[in-house]
Amino acid sequence: MRSRLAVLIEKALRACCDAGFWEPGALPFVEVELAKDPAHGDYASNVAMVLASRVGRKPREIAERLVGQIHDTDKILQKVEIAGPGFLNFFVREDVWATLLKDIERQADRYGMSDSGKGRKVLLEFVSANPTGPLHIGHARGAVVGDVIANILAASGYDISREYYINDAGNQMANLGRSVLLRYRQLLGETVHFPENCYRGDYIKTLAAELLDREGPPCPNDNGESLIPYFTDYAAGAILEGIKEDLGAFGVTFDRYFSERDLYEDRRLDSLLEDLEKGGFIYREEETLWFRTTAFGDEKDRVVVRKTGEPTYFAADIAYHQNKYERGFDFLIDVWGADHHGYIPRILAGIQALDHDKDSLRVILVQLVNLLRDGKPIAMSTRSGEFVTLREVVDEVGRDAARYNFLMRRSDSHLDFDLELAKRQSNENPVYYVQYAHARIASVLRTAGQRNLVIPSYSEVDRTLLKLPEEIGLIKTITRFPEIVEGAARTLEPHRLTFYLNDLAGLFHSYYNKNRIISEEGPLTAARLFLVVAVKIVIGNALKLLGVSSPESM
RNA sequence: GCGCCUGUAGCUCAGCUGGAUAGAGCAACGGACUUCUAAUCCGUAGGUCGCGGGUUCGAAUCCCUCCAGGCGUACCA
């Protein structure tokens, strides 16, 4: 509806140009928004006011001209009013709304999808946690946000790939191997000093015990560092398998797990450094190689190869991003914890030095999660091993509640996650509010079936019977769903869907309580059944994008 | 010190890239189940949009000062 009105306005603007009311030069892009106040009609546009300052005329005068040039050939408008400082208020004919339901019937479980992405190849990298321990609650939010953004983009016609970058090289991995080795030796009865920077979680002991079980006691008497890679490999492999399982239980899947080690094997870093060198961005100082990131606005230059000859994490990461582009992705999205925000200028410098547009990479920052139980914070630290794992949360509160709770806020705002609250099956928990609406409709449909009522098709419905304000409101809301998905895709903001769902569920519950869907009046019953089926479709489609189930009964 | 994020009802947060009288949930208070699911609904109350300036027809939204909280400021990842 919105886009249809925008077209009308655009035509009117051009017609006014042709009539010489103003220069065709700076026509604004047409904004049409939902009117908040019913007295302002259904949609409102501010074009006249925007145009006023550009052409130097009074907004109301421009508005008059425009209204005169709006040719409502499809007869969708009841009237257009000029109000306030120069708003155009559009009143849509009431019987037009119900005609939009046809799209829902026709597209069914594809309603809300579009091809606006035009098959653009997008690579979305998320989670990417080091395989040094199980995923904890902090990773969970990024996992859901990434997963749902991917769903939304896929539904919007993008060719999207989900990728997890495994950071399986470098110091942290060596620490992991060392930690397991030390626990292993402890199991053999040795007294060992356990350094501060090693991982202390119980899972380390479990891994050591597994290894002991498998390999038997004879650990070579070499207590040097040479054993570490073996322990690292085993631990990282086992932990990664666990991570995949936990993500699977959370409903998060990836198209590919990309190993940092592959970058080294393919000598990607060498070629990267050559490329950067060609651009003149590399210089040597005291045995280290620096990348002149300040050329792109970073606050200081960054090391890419250490004195020891090892490349930094940063170097590998640029190589990884270069690799993404080389695989044909022209739009990259990275989902990071907000504590990495200082890293953004650096990575942007990296891709720009490789001649990629700054805007071809979007970083979504996901703020930290405060985990609470009954309002009291739970302290966590990966290294000390004190943390609540993703698995524990999913097991305790359930997949649906966990996912929905993580999607109820904008990603870049802090989120309190209360385990008790999320678990509670009560009105404090919005996920059930929405699912309940879906289940209720399913229940109504079951009842209808028992009474041998047939769900009518669009052409069989007398749409003029859907004229209650609640019905018009429901129709307006569900026919707006494609706009919501489009907006969420454009801004990469999944929380728009949860807010929309809460709205829609609220309208339905209200309608349900006030009116009977199945009544003695056959045609009215048919029309209402048709309407609630459409509502059910939209709730189901939206929940599916969120990766949350749509129960038929609760 | 510098940089980024945040500050909206008692609490948790929306506010659609400048629009009309700032919204929702929870908590509080008062009501509604012999009816298609009460995990629901209806009503009441609740605000100096952190403070102060500026930009313009118009600011919670954009710019600047200050205040408060969080994060970052590695040859860690």
Side-chain angles (χ1 to χ4, degrees), chain A residues 31 33-37 39-40 44-46 49-50 52-53 58-59 83-87 89 128-130 132 167 169-173 175 197 260 286-290 299-300 302-308 310-314 316-317 337-345 365 367-368 375 408-410 412-416 418 421 424-437 439-448 450-451 483-484 487-488 490-491 493 495-496 498-500 502-503 505-506 508-519 525 528-529 532 553-554:
Chain A
E31 249 182 271
E33 59 179 16
L34 284 171
K36 287 175 199 154
D37 188 332
H40 299 146
S45 178
N46 62 352
M49 276 127 61
V50 175
S53 57
K58 292 200 162 62
F87 286 103
N89 289 339
S128 296
N130 288 0
T132 55
N167 212 209
N171 293 335
Q172 297 308 319
M173 294 311 292
N175 284 341
N197 63 359
E260 181 185 356
E286 297 177 10
E287 310 289 310
T288 65
L289 281 188
W290 293 78
E299 54 189 16
K300 56 172 288 201
R302 308 292 172 175
V303 171
V304 282
V305 180
R306 291 181 259 250
K307 233 178 284 195
T308 58
E310 298 167 288
T312 58
Y313 171 86
F314 174 49
D317 204 22
D339 53 338
H340 288 66
H341 66 80
Y343 192 80
I344 294 177
L365 293 179
Q367 267 295 355
L368 307 182
M408 289 192 317
R409 310 248 175 292
R410 244 177 37 224
D412 59 1
S413 98
H414 289 270
L415 170 67
D416 290 337
D418 193 308
L421 214 65
R424 217 170 288 166
Q425 298 194 2
S426 74
N427 53 354
E428 292 163 87
N429 207 338
V431 65
Y432 299 117
Y433 185 73
V434 174
Q435 288 184 317
Y436 186 51
R440 256 186 161 172
I441 296 175
S443 174
V444 170
L445 297 181
R446 277 193 298 274
T447 303
Q450 283 159 14
R451 300 187 189 176
E483 291 169 26
I484 301 296
R490 178 170 39 83
T491 58
E493 290 179 347
H495 76 276
R496 292 186 182 209
T498 51
F499 279 89
Y500 171 77
N502 278 312
D503 260 9
F508 171 74
H509 285 310
S510 183
Y511 175 61
Y512 177 91
N513 271 279
K514 198 167 166 188
N515 305 284
R516 290 196 60 80
I517 293 159
I518 299 171
S519 66
T525 298
R528 289 183 171 175
L529 282 173
V532 298
S553 68
M554 284 173 73

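What you see below is based on every heavy atom in this structure, not just the backbone, and it leaves out hydrogens, waters and symmetry mates. Note that this is a predicted model, so its numbers are computed, not measured.
- Between the NE2 atom of A:His495 and the P atom of B:C13 there is a distance of 13 Å, rounded to whole Å.
- Contact annotation for A:Lys300: backbone-only contact, meaning every heavy-atom pair under 4.0 Å involves sugar-phosphate atoms and none involves a base.
- With hydrogens and angles ignored, the 3.5 Å screen pairs a side-chain donor or acceptor of A:Thr525 with a backbone N or O of A:Ser519.
- The distance from atom CD1 of A:Ile484 to atom P of B:G15 is 11 Å, rounded to the nearest whole Å.
- With sequence neighbours left out, the side chain to side chain contact (heavy atoms under 4.5 Å, CB included) criterion links A:Ser413 to A:Arg409.
- The nucleotide whose nearest atom lies closest to any side-chain atom of A:Tyr433 is, among B:C75, B:U40, B:G19, B:U40.
- In this structure, A:Gln367 has no side chain to side chain donor-acceptor pair (under 3.5 Å) partners at least two apart in sequence or on a different chain.
- Residues that satisfy the side chain to side chain donor-acceptor pair (under 3.5 Å) test with A:Glu33, not counting sequence neighbours, are absent from this structure.
- Among the atoms of the strands shown, base atoms are found under 4.0 Å from some heavy atom of A:Ala439.
- A:Phe499 comes within 4.0 angstrom of the backbone, heavy atoms only, and of no base.
- Using bins of under 30°, 30° to 60° and over 60° for the plane-to-plane angle, the ring pair A:Phe499/A:His495 lands in the perpendicular bin.
- Within 4.0 Å of A:Glu310, counting heavy atoms only, lies no atom of the nucleic acid at all.
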Inset, instruction - Please test A:Phe508 against A:Val532 for side-chain contact (heavy atoms from CB on, under 4.5 Å), starting from the C-alpha separation and ending with a verdict. - result: CA-CA 8 Å; A:Phe508 171 74; A:Val532 298; 3.9 Å; yes
Inset, instruction - Would you give a per-nucleotide map of nucleotides 4-9 of chain B, 5' to 3', where B means the base has a protein non-hydrogen atom under 4.0 Å away, S means only the sugar-phosphate does, and - means neither? - result: BSS---
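- With sequence neighbours excluded, the residues that form a side chain to side chain contact (heavy atoms under 4.5 Å, CB included) with A:Ala35 are A:His40.
- Between the C1' atom of B:C71 and the OH atom of A:Tyr343 lies a distance of 17 Å, rounded to the nearest Å.
- Between A:Glu33 atom CD and B:U17 atom C1' the separation is 12 Å, expressed in whole Å.
- Every residue meeting the ring-ring contact (aromatic ring centres under 6.0 Å, His included) condition with A:His509, not counting sequence neighbours, appears here in chain and number order: A:Tyr433, A:Tyr436.
- For A:Met408 and B:U12, the CE to P distance is 13 Å, given to the nearest whole Å.
- The CZ-C1' distance, from A:Phe314 to B:U73, rounds to 15 Å in whole Å.
- Not a single ring-ring contact (aromatic ring centres under 6.0 Å, His included) links A:Phe87 to another residue, sequence neighbours left out.
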Legend entry - Structure string for RNA chain B in dot-bracket form, Watson-Crick and G-U at under 3.5 Å, | interchain: (((((((..((((.....[...)))).(((((.......))))).....(.(((..]....))).))))))))....
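- Backbone-only engagement by A:Ser510 is indicated by non-hydrogen atom pairs under 4.0 Å involving sugar-phosphate atoms exclusively.
- Nearest nucleotide to the side chain of A:Arg409, out of B:A39, B:U40, B:U12: B:U12.
- Note on A:Arg516: a base of the nucleic acid sits closer than 4.0 angstrom, heavy atoms only.
- Contact annotation: side chain of A:Asn46 to base of B:A20, donor-acceptor pair absent below 3.5 Å.
- The residue A:Asn89 sits close to a base: some heavy atom pair falls under 4.0 Å.
- Closest to the side chain of A:Tyr436, from the set B:G72, B:A20, B:U40, is B:U40.
- For the OP1/OP2 pair of B:G15 and a distance below 4.0 Å, the side-chain nitrogens and oxygens of A:Arg496 include no atom meeting the criterion.
- A:Asn515 places a side-chain N or O within 3.5 Å of a backbone atom of A:Tyr511 that can act as its donor or acceptor partner.
- Across all strands, A:Ala44 comes closer than 4.0 Å to base atoms (heavy-atom distances).
- Atom CD1 in A:Ile518 sits roughly 11 Å away from atom C1' in B:U35 (whole-Å rounding).
- A:Thr308 meets the side chain to side chain contact (heavy atoms under 4.5 Å, CB included) test with A:Arg306, A:Glu310; sequence neighbours excluded.
- Comparing A:Arg490 and A:Leu368, the nucleotide of RNA chain B nearest to each residue sits closer to the 5' end for A:Arg490.
- Among B:A39, B:G19, B:U40, the nucleotide with an atom closest to any side-chain atom of A:Pro85 is B:G19.
- Nearest-nucleotide mapping onto RNA chain B: of A:Tyr432 and A:Leu34, the residue sitting toward the 5' end is A:Leu34.
- If you check every strand for non-hydrogen atoms under 4.0 Å, A:Thr308 touches nothing.
- Atom OH in A:Tyr511 sits roughly 16 Å away from atom C1' in B:U35 (whole-Å rounding).
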